[in-house]
Amino acid sequence: MSPSRDHGPVIDIVAGARPNFMKIAPIIRAIEVRQRAGSALRWRLVHTGQHYDARMSADFFDQLNIPKPDVNLEVGSGTQAEQTAAIMVRYEQLLIRQRSALCLVVGDVTSTMACAIVAQKLCIPVAHVEAGIRSGDWTMPEEINRMVTDAITNWFFTTSDVANDNLRRAGVSDERIFFVGNTMIDTLLANLPRLKAPPFWGDAGLQPGRYFVMTMHRPANVDTAHGFAAVLEAIGDGVRGMTVVFPVHPRTAKTLAALGNLPKNLLLVDPQPYLEFNYLVKYAKAVITDSGGVTEETTVMGVPCITMRNTTERPETVTMGTNELIGTDPVRLKPALDRLIDGRWKTGTIPPLWDGHTGERIVERLERLLAPPVASA
Ligand code: UD1
């Protein structure tokens, strides 16, 4: 728990999976700054344990200087329903033992949705950071998580005007929508000077602008060995002999284990810590991915990004940034790679309010929202 100089309201900050950790770090830092200025706001950091490998979790806490969680619900792996149920049961037990004044959830992972439901049912208000984004693709568990979370959120912190409009269309009134920018980008900008080459950089002969980075973990792309083999082959062939650095997500590792020969220029590595991963991205020729968050980071770093998905919940990475959606059919890779390698990729701009100060804006707003009502005379 954060230092209790006072008996101010306690905010539960919930994080469960890798893409959550970079989103909570700036919020915690901003609360600490406010506390030093005399604020009574406090937090309790709740890790659900959805991601538990050091490389998917603890490494991020260390590198991003996130305090040790106050509580770890240790739910571990499971089906969507098993994980959701385990998180709900354990978070409810925690809140019954020790209530908080607000449940703050970030992003769109299973932990986000599960904790929001539990809190709201106990009449604890919910704030959702990165609210309102929609891919429209109901086959993605993340889309269900976003819709359910936003249906029961009190205060919506958003990254874009498109998200604001999505929420308005769903009937959310303007006074509950706060367009604050992107906390993931706060973390990126704060850490740009600290990025560092991974240990294999020299041995692999990597040179700026002369290699690709690839990440792939969505069920649609990696859950069948046959389909995933075709993707890998198209990438291996399409990059004209350049190395493709591929940090392998645990889910993807299971499929890879069943594949035979892989392209020779594919460099399989473990999931990378934050500073090393973004170093690789910053100096890459381009990134090939099916992640959402990576498309935001490449947009801010001005690195070309090929996304193997049909939809995105982050359209500004395409309309303003360096990202392009090519769908999931591997035949689409070669033409995209040709255009890129021949220097015909677009350049981009950085979306509004992705400026490194989103955490501060969120915490200022929360202070006002949680301030005790002024007694009338
Ligand atoms: C989750 C998020 C996704 C996010 C991704 C980033 C949901 C619905 N999805 O997907 O939005 O982009 O994280 O990583 O919440 N595993 C490990 N070690 C770990 C974590 C997972 O081995 O530390 C294994 C699990 O056993 C499982 C697989 O990886 O077999 C998938 O993990 P899971 O948390 O279910 O979902 P992700 O695919 O990681």
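Computed over heavy atoms, backbone and side chain alike; hydrogens, waters and symmetry mates excluded. First listed ligand is number 1; within each ligand, the first listed atom is number 1. Positions are given from 1 along the sequence.
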Those atoms of ligand 1 less than 4.0 Å from some heavy atom in [X]:
X: Lys254; answer: 26 (O), 27 (C), 30 (O)
X: Glu142; answer: 2 (C), 3 (C), 9 (N), 11 (O)
X: Ser77; answer: 25 (C), 26 (O)
X: Pro250; answer: 16 (N), 17 (C), 18 (N), 22 (O), 24 (C), 29 (O)

Regarding ligand 1, does [X] bring an N or O atom to under 3.5 Å of one of the ligand's N or O atoms?
X: Arg218; answer: no
X: Asn145; answer: no
X: Gln50; answer: yes

Could you see which bit of [X] sits under 4.0 Å from ligand 1, with heavy atoms only: side chain, backbone, both or neither?
X: Gln83; result: side chain
X: Met56; result: side chain
X: Arg18; result: side chain
X: Pro219; result: neither

Problem - Gln63 side chain to Leu275 backbone, donor-acceptor under 3.5 Å - result: yes

Practice task
For the pair Arg176 (side chain) and Trp155 (backbone), establish whether a donor and an acceptor sit closer than 3.5 Å, ignoring hydrogens and angles.
Solution key: no

Handout entry: Partners meeting side chain to side chain donor-acceptor pair (under 3.5 Å) with Tyr279 (sequence neighbours left out)
Key = none

Exercise for the section: With sequence neighbours left out, write down each residue that passes side chain to side chain donor-acceptor pair (under 3.5 Å) with Thr243, or none if nothing qualifies. Expected result: none

Problem - Option passing side-chain contact (heavy atoms from CB on, under 4.5 Å) with Ile306 (candidates Asn323, Ile326, Ile235) - result: Ile326

Practice task
Please indicate whether Arg210 has more than 12 foreign heavy atoms, meaning atoms of other residues, nucleotides or ligands, lying under 6.0 Å from its CZ.
Solution key: no

Handout entry: pair Leu256-Leu232: side-chain heavy atoms closer than 4.5 Å
Key = yes

Practice task
Would you please indicate if the ring centroids of Phe21 and His51 are separated by under 6.0 Å?
Solution key: no

Practice task
Distance to 0.1 Å, residue and atom name: give those for the protein heavy atom nearest to atom 6 (C) of ligand 1.
Solution key: Pro19 CD, 3.6 Å

Fill in the blank from the handout: Nearest non-hydrogen protein atom to atom 12 (O) of ligand 1, with distance, is His217 NE2, 3.0 Å

